[in-house]
Amino acid sequence: MFSHWIERPFPGLLNRLPSQCVVCRAWPAQPVCDACVARFAPPTPRCATCALQVPDGVSRCGECTRAPPPLDACLAACAYVWPWPECIAEFKFRGDAGRAAPLATLLRSAPWVEPALEKADIVLPMPLAPARLRERGFNQAHELARRLSPRKTDPTLLLRIRETTAQSGLARSERLRNLRGAFALEPLRASAVRDRRVALVDDVMTSGASLFAAAEVLRAGGASHITAIVLARTEASG
């Protein structure tokens with residue numbers, strides 16, 4: 001309760017207080033200590049527009065070369081492998097919103113994330129459908145985004161306007177069709193993205209279908225540059 005209260009009036013104070021690493025439990029340490037970042041989230045060559053792992057010297061994966069996604073850039077802090085799935089599950093599904101701070105610290109440690117945030121005019125969290133938001137009590141993407149860039153984050157500009165069936169078990173093309181028409185810009189402020197650089201923030205990227213669908217809406221709204229920033233990337237694109 002105390003940490004939740006103090007974080008709002010003094011957003012930088014908690015970063016200077018001693019804490020425990022959420023992975024190895026080292027004390028005192030950063031919320032995700034340098035040793036765990038180096039061991040479990042090392043810099044990895046990734047496709048520039050979907051963040052799948054690629055060999056050294058390769059800038060784009062075959063799928064993005066054949067069918068470029070509506071993203072100008074895509075950045076991921078780590079692969080969706082141990083220990084991160086458990087950390088994310090505690091945060092996302094078990095109501096531990098306090099994990100947003102250490103996970104945002106992990107995101108900031110990824111190469112190019114800080115420059116992307118600095119260049120962005122607007123930071124948009126991926127929205128949840130109303131029923132899912134009621135179920136969880138918070139939007140995990142918003143919790144990450146507001147810790148990454150509190151002054152630029154706008155949680156009400158990009159909307160999820162349609163419920164969709166579960167994405168699991170669907171092929172990539174089916175996921176894209178499933179999400180068609182699921183996102184929209186808030187009608188009275190849709191012009192806010194015109195000629196602006198936008199950063200889209202989410203927790204886990206699997207096929208990219210949700211991010212791509214949202215990016216298409218932003219592109220149609222006139223966004224000049226769209227970067228997706230995700231905490232973890234699975235290593236399956238289908």
Side-chain angles (χ1 to χ4, degrees), residues 1-33 36-37 40-41 75-110 113-114 116-117 120 122-160 163 166-167 183 186 199-206 210-211 214 228-234:
M1 177 68 78
F2 173 73
S3 65
H4 180 73
W5 173 84
I6 198 171
E7 186 176 5
R8 292 181 182 274
F10 305 107
L13 180 58
L14 289 183
N15 293 330
R16 297 192 293 271
L17 294 175
S19 59
Q20 184 177 42
C21 175
V22 297
V23 178
C24 68
R25 306 300 181 187
W27 173 275
Q30 293 294 317
V32 179
C33 74
C36 284
V37 171
F40 301 118
L75 307 171
C78 60
Y80 189 64
V81 295
W82 192 89
W84 309 120
E86 181 61 24
C87 290
I88 293 169
E90 288 287 340
F91 168 46
K92 185 173 179 177
F93 301 119
R94 297 168 198 155
D96 190 354
R99 293 221 174 194
L103 293 176
T105 299
L106 173 63
L107 248 176
R108 280 191 173 280
S109 74
V113 166
E114 286 277 10
L117 291 168
I122 308 169
V123 176
L124 300 179
M126 284 292 289
L128 287 179
R132 188 63 57 84
L133 184 59
R134 287 193 298 271
E135 175 187 327
R136 292 187 187 164
F138 62 91
N139 178 353
Q140 71 278 357
H142 179 212
E143 293 302 311
L144 290 172
R146 73 183 185 87
R147 286 166 173 83
L148 291 171
S149 186
R151 291 179 179 84
K152 295 180 181 179
T153 295
D154 188 335
T156 61
L157 181 55
L158 180 64
L159 308 175
R160 185 147 190 166
E163 298 276 1
Q167 294 279 85
F183 301 100
E186 206 286 319
L200 269 175
V201 175
D202 207 359
D203 58 337
V204 179
M205 182 178 180
T206 304
S210 295
L211 285 162
I229 298 174
V230 299
L231 178 61
R233 179 62 158 108
T234 69

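Everything numeric here is computed off the predicted structure, so don't read it as measured data.
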Taking all non-hydrogen atoms of both residues into account, name the closest pair between Cys36 and Trp84 and its distance.
-> O-CZ2, 4.4 Å
Residue set satisfying side chain to side chain contact (heavy atoms under 4.5 Å, CB included) with Ala145, at least two apart, ordered chain then number -> Val123, Pro125, Thr153, Val201
Residue pairs, two or more places apart or on separate chains, that pass salt bridge (Lys or Arg N to Asp or Glu O under 4.0 Å) and touch residues 22-33 | none
Nearest heavy-atom pair of Asn139 and Ala141: which atoms, and what distance?
-> OD1-N, 2.9 Å
Given His142 and Leu128, is the side chain to side chain contact (heavy atoms under 4.5 Å, CB included) satisfied, shown in steps?
-> CA-CA 10 Å; His142 179 212; Leu128 287 179; over 6 Å; no
Among Ile229, Leu117, Val32, find the one that has a side-chain contact (heavy atoms from CB on, under 4.5 Å) with Leu107.
-> Ile229
May I have the step-by-step check of side chain to side chain contact (heavy atoms under 4.5 Å, CB included) for Arg132 and Glu135, ending in yes or no?
-> CA-CA 5 Å; Arg132 188 63 57 84; Glu135 175 187 327; 3.9 Å; yes
Got a sec, which residues hit side chain to side chain contact (heavy atoms under 4.5 Å, CB included) with Ala214, two or more places apart in sequence or on another chain?
-> Met126, Leu158, Phe183, Leu200
Locate the shortest heavy-atom distance separating Gly95 from Phe138; write the atom from each residue and the value.
-> CA-CE2, 3.9 Å
What closest approach, in Å, do Arg99 and Phe91 show between heavy atoms, and which atom pair accounts for it?
-> CB-CB, 3.8 Å
Side chain to side chain contact (heavy atoms under 4.5 Å, CB included) with Ala79: which residues, sequence neighbours excluded?
-> Arg46, Gln53, Val81, Glu235
At what distance, to the nearest 0.5 angstrom, does CG of Asp96 lie from CD1 of Ile88?
-> 13.0 Å
Are any of the side-chain heavy atoms of Leu124 and Asp154 separated by less than 4.5 Å?
-> yes
Can you list the steps and then say if Val37 with Leu106 is a side chain to side chain contact (heavy atoms under 4.5 Å, CB included)?
-> CA-CA 7 Å; Val37 171; Leu106 173 63; 4.1 Å; yes
Residue list, salt bridge (charged side-chain N to carboxylate O under 4.0 Å, His left out) with Glu186, at least two apart or on another chain = none
Tell me, please, which residues at least two apart from Lys152 pass side chain to side chain donor-acceptor pair (under 3.5 Å).
-> none
Qualifying residues under salt bridge (charged side-chain N to carboxylate O under 4.0 Å, His left out), relative to Arg136, sequence neighbours excluded = none
State which residues pass side chain to side chain contact (heavy atoms under 4.5 Å, CB included) with Ala129; sequence neighbours excluded, sorted by chain then number.
-> Arg160, Glu163
Run through Pro83, Pro102, Cys33 and flag the one making a side-chain contact (heavy atoms from CB on, under 4.5 Å) with Val22.
-> Pro102
Check ring-ring contact (aromatic ring centres under 6.0 Å, His included) between Phe40 and all other residues, then give those that pass, not counting sequence neighbours.
-> Trp82
Answer yes or no: is there a side-chain heavy-atom contact under 4.5 Å between Leu159 and Pro127?
-> no
ring-ring contact (aromatic ring centres under 6.0 Å, His included) with Phe93: which residues, sequence neighbours excluded?
-> none
Side chains of Tyr80 and Val230: closer than 4.5 Å at any heavy-atom pair?
-> no
Nearest heavy-atom contact between Ala104 and Arg147 is CB-CB, 3.9 Å
Identify the heavy atoms of Ala77 and Ala41 that sit nearest to each other, and give their distance.
-> O-CB, 3.8 Å
Pairs meeting criterion side-chain hydrogen bond (donor to acceptor under 3.5 Å, both in side chains) with involvement of residues 86-95, two or more places apart = Glu86-Arg94, Glu90-Arg94, Lys92-Asp203
